[in-house]
Amino acid sequence: MEIRPRRLRQTPALRRMVRETRMDKASLIYPIFVREGIGIVEEIPSMEGQFRYSIDRLPQALEELQRVGVGSIMLFGIPEESAKDEAGSCAYARDGIIQRAVQDIKSRYPELYVITDVCLCEYTSHGHCGLLKGQEIDNDSTLEILAQTALSHVQAGADMVAPSDMMDGRVMAIRSLLDAQGYVTTPIMSYAVKYASSFYAPFRDAAGSAPSFGDRKSYQMDYHNRREALKEAALDIKEGADIIMVKPALSYLDIVREVADQVQVPVAAYSVSGEYAMIKAGARLGYVEESQMICEIAAGVYRAGASVYLTYFAPQIAKYMDEGRIG
Ligand code: PBG
């Protein structure tokens with residue numbers, strides 16, 4: 001008798017047993033915005049459910065994270081508007097917003113894994129990610145400032161730095177300075193594959209980092225390109241990147257897969273602010289069901305090959321994992 005081909009009929013227990021994609025909370029990173037001031041928790045208008053915190057109010061968010069078992073954060077700093085200048089010098093100030101926030105967080109929660117975003121756009125008066133020469137970004141003069149910024153974060157206690165500026169050579173500049181200063185074991189997660197994307201709009205509102213003229217297309221990637229992603233990843237690994245990030249996530253899952261197949265280091269994917277905002281808006285209108293959508297997208301990101309996942313939904317995902325809905 002010939003056996004008829006058939007699909008495995010899965011009961012809930014069997015479905016969990018044979019899942020091809022496994023995820024765990026340890027791979028989640030929660031992005032969080034910290035601003036100057038005291039006693040401030042302000043909701044970000046285009047990112048319902050996400051807040052800007054002054055340093056003294058961060059514990060409110062961090063304790064909730066600890067409760068649900070998310071152990072890693074990515075910090076973004078929002079300095080006073082008046083502190084910004086052409087050269088982004090408040091990015092590497094010893095008493096800058098990130099430097100003080102990291103010190104405070106590490107003194108209260110030494111086990112929390114603190115990653116800092118290294119970029120100049122939140123700190124420059126013009127909102128670009130690098131220094132300007134006329135209307136153009138001056139790649140090479142930016143490198144030293146980025147390296148100093150990364151160093152100041154690590155000196156404040158950051159466990160890992162994540163350069164997101166997309167200047168050429170910045171991973172090498174950061175690695176060299178960290179090594180020279182004795183921080184040889186501090187890893188670098190590079191936003192290596194970062195597309196020029198409309199999905200960053202809510203973030204730029206949140207961080208007040210929209211460019212005052214032009215766009216970021218001269219330094220971020222063109223979304224028509226696929227092979228360029230592999231080249232960017234390879235270059236950053238050569239310069240010393242320990243983890244390679246692809247960003248955004250949802251429209252770039254093919255890129256996540258391809259990079260994950262090609263590189264020998266862990267790959268991170270970042271579901272960015274616009275992805276978050278879309279789901280929140282859709283759910284608020286009753287057009288989509290939020291929790292199911294969060295689970296499905298998270299599974300898709302890991303299935304594509306990411307082993308680290310940055311998402312504003314990290315606390316919810318951790319809860320859904322506990323409930324056995326995904327994971
Ligand atoms: C800084 C930076 C951006 C994001 C992360 N780091 C904004 C940008 O490049 O314009 C976006 C994150 C998000 O949209 O959630 N350069």
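This structure is a prediction, so every number in the text was calculated from the model and none was measured. Counting starts at 1 for both ligands and their atoms, following the listed order.
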>> Measuring from non-hydrogen atoms of K194 to any atom of ligand 1, is the shortest distance under 4.0 Å?
In response: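 Flag set, K194 near ligand 1.
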> Does E275 have a non-hydrogen atom less than 4.0 Å from ligand 1?
Replying inline: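 No.
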Got the closest protein heavy atom to [atom], with its distance?
atom                    : result
atom 12 (C) of ligand 1 : F203 CD1, 3.4 Å
atom 5 (C) of ligand 1  : K247 NZ, 2.8 Å
atom 15 (O) of ligand 1 : Y312 OH, 2.5 Å

> How is the hydrophobic cluster of M17 composed, in terms of its other members, when Ile, Leu, Val, Met, Phe, Trp and Tyr link through side-chain heavy atoms under 4.5 Å apart, directly or indirectly?
Replying inline: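 Members alongside M17: L8, L14, V18.
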>> Distance check, rounded to the nearest 0.5 Å: I317 atom CD1 versus C295 atom SG?
In response: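 The distance works out to 7.5 Å.
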Side chain, backbone, both or neither: the part of [X] lying under 4.0 Å from ligand 1 by heavy atom:
X    : answer
D165 : neither
S273 : both
Y276 : neither

If you measure only the distance, is there a donor-acceptor pair under 3.5 Å linking the side chains of [X] and [Y]?
X    : Y    : result
R170 : T142 : no
D168 : Y219 : no
E63  : Y109 : yes

> ligand 1 and E122, any nitrogen or oxygen pair closer than 3.5 angstrom?
Replying inline: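 Min N/O separation from ligand 1 is not below 3.5 Å for E122.
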> Between K319 and F313, is NZ or CZ placed under 6.0 angstrom from the six-membered ring centre and within 45° of the ring axis?
Replying inline: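 So K319 doesn't make the cation-pi contact.
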